[in-house]
There are 2 protein chains.
Amino acid sequence: MSDVSYVSAPPVGGRAREIVAAARELLEGEGPEAVSMRRIAERIGIKAPSLYKHFADKSAVESALVAQAMAELAEALEAAEAGSAGSAGSAGSAESAAGGSRLERITALMGAYRAYALAHPDLYRLMSGQPLDRAALPEGLEERAAAPLMRAVGGDHDAARAVWGFGHGMVALELAGRFPPGADLSGAWARGCGAFAG
Amino acid sequence: MSDVSYVSAPPVGGRAREIVAAARELLEGEGPEAVSMRRIAERIGIKAPSLYKHFADKSAVESALVAQAMAELAEALEAAEAGSAGSAGSAGSAESAAGGSRLERITALMGAYRAYALAHPDLYRLMSGQPLDRAALPEGLEERAAAPLMRAVGGDHDAARAVWGFGHGMVALELAGRFPPGADLSGAWARGCGAFAG
DNA sequence: GCAGAAGGCTAACATCGTTAGCCGCAGGCG
DNA sequence: CGCCTGCGGCTAACGATGTTAGCCTTCTGC
């Protein structure tokens, strides 16, 4: 039986790892058009059809990339959450148990979210631009990535979705170059974070 | 001289119009993968290479589509603005000259924005997912589309960008199927509009 | 009446994802 | 020891993509 069976689960095999690593290098180095089965194969010294011994098709490779990116983003958000918990918090106000004002926590999360997206623009677009293949994702990853924001808004689903929408929209528009060139966006980010913290 | 020169400006020629109409039908009827030069040509009874007598390349056709969609979206937003100006406004409060509370106006605009995107998902994705070819856009179209929101927030650039980011993000996530299936998003929209109106 | 442009056409190229089918080699087992 | 199975490579090929080169017809203006 070939690797293909466990492609839907996280691919840990050596060759499968090499393949997603090559795909990522191409994506981040030369953009999405460079990610072709032939280029991936060439990069690891095999021919394109052999890739199908490890992944069912190109979209399965992309799904593995998405899973990788989501795990990294989750880590970044968790780090930001930890950093904002005990920061220079205004003393005395009745914050939630984790410490740090709601504004500080949301601002920290949005900052980390934006930073990750700007550091990996093509990966972020791949991750967020298409319907998520949830079957190809490690169990619980999606919830793990969402959890820090969920905690920051006190478990309010509507608020979490609104903040996520805001953050994703700002990042997507920025990555697509839709804001006026050279525009200073920090004001808009601050306005958004402030609005949702109130 | 061929049509190609005025492709960067709005294509009004009969054949050019037919081409973008065919492209739109394919896009909205069968999705983005169906929009190929051969399929477009077939639909109007010519062969693919002849398209290049009217448009420089495929991206020029897409730019024309984007311009069309932006004009429609601008109209929809203007209509929503007019509708919210004289609605059941709470009497007496010191609103801006146009009438209607800030919350009502933002809610109306976001509602129209979302409605357009949901009615034309592939067109919306095409319009918002890639860097805008501003040279291919009719003069002032971009500003016209942005103006209603700009007025609703009293000319505050940061607020306008934040609200736009929110609206675009919510719509993009919804179109990509990223929210839990069957989730009721009206609460999140209300939360966002409320946050930015306060 | 003729020149030139407008707007068709066919043939072709490189590239894409993907499939079919073949082969060498390693490991388990009789 | 020898066989057999299957993993993981390979070549050849198919259909589709965007795009170019080059040709030909038709219409218009002088």
Side-chain angles (χ1 to χ4, degrees), chain A residues 1-9 11-27 29-66 122 126 129-130 133 136, chain B residues 1-9 11-27 29-66 122 126 129-130 133 136:
Chain A
M1 189 171 178
S2 94
D3 272 357
V4 178
S5 67
Y6 55 73
V7 152
S8 296
V12 282
R15 238 345 164 11
R17 252 206 216 294
E18 271 186 87
I19 291 170
V20 328
R24 179 160 183 172
E25 287 167 17
L26 284 167
L27 177 66
E30 303 182 46
E33 286 112 48
V35 185
S36 77
M37 296 303 263
R38 285 174 173 87
R39 295 283 312 271
I40 293 172
E42 179 192 27
R43 196 164 248 267
I44 62 174
I46 65 177
K47 300 306 176 71
S50 302
L51 294 176
Y52 293 84
K53 295 296 166 84
H54 304 276
F55 289 90
D57 53 22
K58 190 187 178 185
S59 85
V61 180
E62 290 173 341
S63 285
L65 236 31
V66 167
D122 288 301
L126 185 68
Q130 57 194 319
D133 180 7
Chain B
M1 190 172 179
S2 94
D3 273 358
V4 178
S5 67
Y6 56 73
V7 153
S8 296
V12 284
R15 238 354 173 358
R17 252 204 217 297
E18 273 185 86
I19 291 169
V20 328
R24 177 161 184 171
E25 288 167 16
L26 286 166
L27 178 66
E30 303 183 44
E33 284 113 49
V35 186
S36 78
M37 296 302 262
R38 286 175 172 85
R39 296 282 313 271
I40 293 172
E42 180 192 25
R43 196 164 247 267
I44 62 175
I46 65 177
K47 299 304 176 73
S50 301
L51 294 175
Y52 293 84
K53 295 294 167 84
H54 304 276
F55 288 89
D57 52 21
K58 189 187 179 187
S59 85
V61 180
E62 291 174 340
S63 285
L65 235 31
V66 167
D122 288 302
L126 184 69
Q130 57 194 323
D133 181 6

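Here is the naming used below: chain letters follow the sequence lines, and residue numbers restart at 1 for every chain.
Shown for residues 38-50 of chain A: residues whose heavy atoms fall under 4.0 angstrom of DNA chain C, namely A/R38, A/P49.
Computed from coordinates, the A/M37 CE to D/dC10 P distance equals 14 Å when rounded to whole Å. One can place OH of B/Y52 at 13 Å from C1' of D/dA21, the figure rounded to the nearest angstrom. In this structure, CZ of A/F55 is placed 15 Å from P of C/dG17, rounded to the nearest angstrom. Here C/dC16 presents its P atom at 11 Å from CD of A/E33, a figure rounded to the nearest Å. Look at NZ on A/K58: it is 18 Å from P on D/dA16, rounded to the nearest Å. As a whole-Å value, the separation of A/L51 CG from C/dT19 P is 13 Å.
Distance check, rounded to the nearest 0.5 Å: CD1 of A/I44 to CD of A/E25 gives 10.5 Å.
When distances are taken from the side chain of B/H54 to each of C/dG8, C/dT18, D/dG18, the shortest belongs to C/dG8.
Evaluation of the side chain to side chain donor-acceptor pair (under 3.5 Å) rule for A/Q130 yields no partner, not counting sequence neighbours. Taking the side chain to side chain donor-acceptor pair (under 3.5 Å) definition, one finds that A/R38 meets it with nothing, sequence neighbours left out.
Heavy atoms only, all atoms of each residue included: A/V61 and A/F55 are closest at CG2-CG, 3.6 Å. When all heavy atoms are compared, the tightest approach of B/P32 to B/D122 is CD-OD1, 3.4 Å.
Within the 4.0 Å cut-off from OP1 or OP2 of C/dG8, not a single side-chain nitrogen or oxygen of B/K53 is found.
Using a 4.0 Å cut-off between charged side-chain N and carboxylate O, B/K47 and B/E42 make no salt bridge.
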